[in-house]
There are 2 protein chains.
Amino acid sequence: MATPPGVSERDFTRALTEFRNAIGADWVFTSDEDINLYRDAYSPFKGEAEDRVPSAAVAPNSTEQVQAIVRIANAHRIPLWTISTGRNLGYGGSAPAYSGSVIVDLKRMNRVIEVNDKTHFAVVEPGVSYFDLYRYIQERGLKVWIDPADPGWGSPVGNALERGGGRTPMRDHWNAVCGLEVVLANGEVLRTGMGAMANSEVWHQYKYGFGPLVDGLFSQSNFGIVTRMGLWLMPSPEAYRDGRVNVAQHDDLVPFMETYAYLMNSDILRGTMLLESPLLNYHVTQGGSFFEMPNGPSTAELDRLARERNLPYWSAEFRFWGPPKIIDAQWEYVKEKFGVIAGSTFADGRRYVLPAEFDQNDPTLEVALGIPSLGVFGLLQGGGHLGFSPIIPMTGDAIFRAQRAFGRLYAELALPAANQFAALPWSYNPRALVLLFGLPMSRDKEQNRQSREVFERLVEVSAQNGWAEYRTHIAFMDKVAEMYTFNDHAMRRFHELLKDAVDPNGILSPGKSGIWPRRLRSNRG
Amino acid sequence: MATPPGVSERDFTRALTEFRNAIGADWVFTSDEDINLYRDAYSPFKGEAEDRVPSAAVAPNSTEQVQAIVRIANAHRIPLWTISTGRNLGYGGSAPAYSGSVIVDLKRMNRVIEVNDKTHFAVVEPGVSYFDLYRYIQERGLKVWIDPADPGWGSPVGNALERGGGRTPMRDHWNAVCGLEVVLANGEVLRTGMGAMANSEVWHQYKYGFGPLVDGLFSQSNFGIVTRMGLWLMPSPEAYRDGRVNVAQHDDLVPFMETYAYLMNSDILRGTMLLESPLLNYHVTQGGSFFEMPNGPSTAELDRLARERNLPYWSAEFRFWGPPKIIDAQWEYVKEKFGVIAGSTFADGRRYVLPAEFDQNDPTLEVALGIPSLGVFGLLQGGGHLGFSPIIPMTGDAIFRAQRAFGRLYAELALPAANQFAALPWSYNPRALVLLFGLPMSRDKEQNRQSREVFERLVEVSAQNGWAEYRTHIAFMDKVAEMYTFNDHAMRRFHELLKDAVDPNGILSPGKSGIWPRRLRSNRG
């Protein structure tokens, strides 16, 4: 039997017996067959000693059962690793950062507690998936939209806690959180915000409560186990429309992004933009790169190519949700604002009065219409990916600098051209951009070794430029935390000061976000 | 010389000498004349032993000087109480919760570090006022708006930390915070979010950083001293317009509020609404009350009065900021949605293309147009007020229940009719409402004693109904924290666990938000 490091077989056996007594023997998993399901299917250490493996898994069905598990783990110093639906793809799936941890799998806590379509919120447990929540709403004919992640089998709780994003105006998932129930490391239950009042009427309608706000402490965190979450929803909009804006030349991106930031921060554009480049799409087919390569064509040459091929250099689809007359006015105004950039062109897109006019056969729109989907898997080239996602400023200049910085690195490492998802940013968050790299993971150790090296270089090059990751794979949490250097890693030291106070035995998710409890701190990679 | 409780005169004298050495003798205040300036001018304990009095005040000029003060305070166990501009009116002004604290007055830290009108944020120190920030922006012709509190002499940092509100779409001030610099109780500097990376490019553009979010810990808090803050701003809108919606009868408030929540949560209505009642305004002139009194007229009688006098029961002015064609479409749609309520009426209001058409002589609009003002003092009946501000759900039903609950209390205590500010809610926050009571404070001890009793009863009656205060006066912090009862005050116990970890000597703002450090916990009221 594999035991957690430093835990004797006798103590572990006792703990497992106590887990079985607390939640039922059927829900304590110890066989290799069961445990292997919790490994990262596309681990960057696939088949190597460093691959993270749990020692067991437990699947509680209630907050009380989570409390019992935490108390038992405390008594025996058993490290736990909590997952919601375990679909943290590209970032480790359901595997723990610290090998030997016992997985606390919350999939059975899959109750939708409440959906309110008058003040527009949901209250869900961690095991609820986007599909579950969507189905619940549809079955009752409630007039609210959810904002699914790509793909829809993930957990709204898990995704919000990891600060993931979607496509609609509610795309910043952590920002939609209102009120948590948390099991602390001592087994006690805390309710945050207005939930700190036993009979509160506004637990899921007012975020702040009284005194210091602690909700954020449980995001990307090992300070507690979230067992319930309030999430703000969007009222079902009356209509949807989209339209495309193209600008002709490389340098047009600067006014393009300035206009975009103005529109976004004025609430005229909402939802997530993916910047595209028809010119670079073509250039890549000719052996070029999405990045600006040291030995590649100059900007002037690419501008000439754009003119010759009649391809816009930059392009984006903008989406609008709301009453027809308002979204029509918004799109008209968006065209007017971008129209001052010489050579800009526009294409009206789809326009649906909802729900009647939506073409159910348009899977590309599902997520943007609040419908969970697995369609994203059709876009990937098969196999797993390692997510690398640095945050950069919402300016054309920052995008240019990123294209140059990563271009130099790709040239130095002789890497293939990558794809537009790596080179061009998304706007999952209100006032910054994120680049989403997906480095291919395979079952070949040598390929994975190279990918890990690339990953580490990407992290370092980003950090040199002042760009850090918002989230990372379990195998690189220490590496990414290391980049947060201000005042001798003051943030990490503060995190670990808090960690030791709230979890003195260090049982909750050791290593999560680079935070190690005192007794395991020497494990820092 | 008054010394902090438990601090000997010798130790205090030493500490004062060290303060003088650290920040200059001119900025350490110990005379009664100076110290009295930091008392609450309209304290509910005016002239009584319980009135909060500082022992001294220090005014540092930089983060480094704040660090020095904190280190000295640690060495001598001197309790500190931090203020920004000290204008926390209705909630204690610049006075400490714990008598004998040394005021850390940050008024000299009044630098505007940066205002960016391309990605729309400001970086300010705590001593900057709304007037200062507005002037900075105007002098440079920058295309951003601030969202001032009423009144404008307050501090954007202080107001955001206290989770105050304004009038424009950026009204939820804590929600606009992006990136803090904090001096911790041990004298170290922490930068939050992306500021945890020394050379970050997005400290004030991306809120979250990596790992658990700690920003909220420094709001309504005694866990650190905020010395710098990033604040998101709104791009200057092209135009402003407003319009009034009236509905005829008492029960119309239910669909009115449901429509309001739909419009607000769809980003069609933005900014703060103050619900009004022309009918109750008239009723009050006839000796009636804004609340629903046990022995007062029935709803049917008031409905009849509304018809007879041709007065709408409920009314609200809605405000729109943006391009003319979009705000015109929004106002048309708002009328359409409220128009389905039988008997609703509408009045077009002001409409200005900005800045050209704004009538500079309309002071009632200043705050809604991002212009700081002291005009609010013209609306108060002179004298000070004690703020009581419970949060209630964003529904007509909740407003009715509040009117009944507080009506019963006002009848029981034979209180005067109060004013609409107490009885009718504001929407400072996205998905809940707040009632803003201002209990008059005087220099008469007996009157103040009665006001304190009323205040405590208001707190209790609110709590019985599941409504708690979002903020309170320094004299009632323990009382309000006491209402947060879930799981034997789990939140307060968690707060104090964190407090003891981050401030083991208990020097920072003891008693703030009902949080006492271990060594002073017996002071809980």
Side-chain angles (χ1 to χ4, degrees), chain A residues 118-120 163 188-191 194-202 205-206 208 210-213 215-217 219-221 223 232 235 258 261-262 265-267 322-323 325-326 329-330 333 391 393-394 429 431-432 466 468 470 480-481 483-487 490-491 494-495 497 501 513 515, chain B residues 118-120 163 188-191 195-202 205-206 208 210-213 215-217 219-221 223 232 235 258 261-262 265-267 322-323 325-326 329-330 333 391 393-394 429 431-432 466-468 470 480-481 483-487 490-491 494-495 497 501 513 515:
Chain A
K118 300 290 187 286
T119 53
H120 314 109
R163 306 199 285 260
E188 281 214 74
V189 177
L190 180 77
R191 290 183 171 178
M194 281 296 176
M197 175 179 238
N199 61 334
S200 174
E201 289 203 336
V202 290
Q205 295 158 75
Y206 180 77
Y208 302 148
F210 184 66
L213 305 173
D215 300 61
L217 290 185
S219 165
Q220 291 192 359
S221 158
F223 294 173
W232 286 351
E258 191 176 327
Y262 163 80
N265 297 344
S266 302
D267 291 348
K325 72 173 68 167
I326 293 177
Q330 288 171 329
Y333 181 73
I391 304 285
M394 193 175 268
N429 295 95
R431 307 233 174 174
Y470 89 97
V480 167
M483 300 300 113
Y484 286 79
T485 51
F486 177 76
N487 188 17
M491 181 58 76
F494 190 66
H495 278 153
L497 175 76
S513 299
I515 299 166
Chain B
K118 300 290 187 285
T119 53
H120 313 109
R163 306 199 285 260
E188 280 215 76
V189 178
L190 180 77
R191 290 184 172 177
M197 175 179 238
N199 60 334
S200 173
E201 289 203 335
V202 290
Q205 295 158 75
Y206 180 76
Y208 302 148
F210 184 65
L213 305 173
D215 300 61
L217 290 185
S219 165
Q220 291 191 358
S221 159
F223 294 174
W232 286 352
E258 191 176 326
Y262 163 81
N265 297 345
S266 301
D267 292 347
K325 70 173 69 168
I326 293 177
Q330 287 171 331
Y333 181 74
I391 304 286
M394 193 175 267
N429 297 95
R431 306 232 175 174
W467 312 319
Y470 89 98
V480 167
M483 300 300 113
Y484 286 79
T485 51
F486 177 76
N487 188 17
M491 181 57 78
F494 190 66
H495 278 152
L497 174 77
S513 300
I515 300 167

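The chains referred to below are lettered A, B, ... by the order of the sequence lines, with proteins before strands, and numbering in each begins at 1. The figures here come from the full heavy-atom set of this structure, side chains too, leaving out hydrogens, waters and symmetry mates.
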So which of B:Gly211, B:Ala490, B:Ala198 has the biggest tally of heavy-atom pairs under 4.5 Å with chain A? B:Gly211
Which of the residues A:Ala196, A:Ser221, A:Pro323, A:Ala468 is involved in the greatest number of heavy-atom pairs with chain B at under 4.5 angstrom? A:Ala196
Report yes if some heavy atom in the side chain of B:Tyr208 is under 4.5 Å from a heavy atom in the side chain of A:Asn429; otherwise report no. yes
Looking only at A:Pro393, A:Ala501, A:Ala432, most heavy-atom pairs under 4.5 Å shared with chain B are made by A:Pro393
Testing the basics here: between A:Arg191 and B:Met491, what is the closest heavy-atom pair and its distance to 0.1 Å? O-CE, 3.5 Å
Residue selection (most heavy-atom pairs with chain B, distance under 4.5 Å) from A:Asn199, A:Leu497, A:Thr119: A:Asn199
Looking only at heavy atoms, the pair that brings A:Phe210 and B:Ser513 closest together is CE2-O, 3.6 Å
Which atoms of A:Phe223 are under 4.5 Å from chain B, going by heavy atoms: the side chain, the backbone, both sets, or neither? side chain
Heavy-atom pairs under 4.5 Å with chain B are the metric here; pick the option from A:Lys118, A:His120, A:Glu258 that has the most. A:His120
How about B:Leu217 and A:Phe494: do any of their side-chain heavy atoms sit closer than 4.5 Å? yes
If you tally heavy-atom pairs under 4.5 Å between each of A:Asp215, A:Ile515, A:Val189 and chain B, the highest tally belongs to A:Val189
Are side-chain heavy atoms of A:Asn265 and B:Trp232 found at a separation under 4.5 Å? no
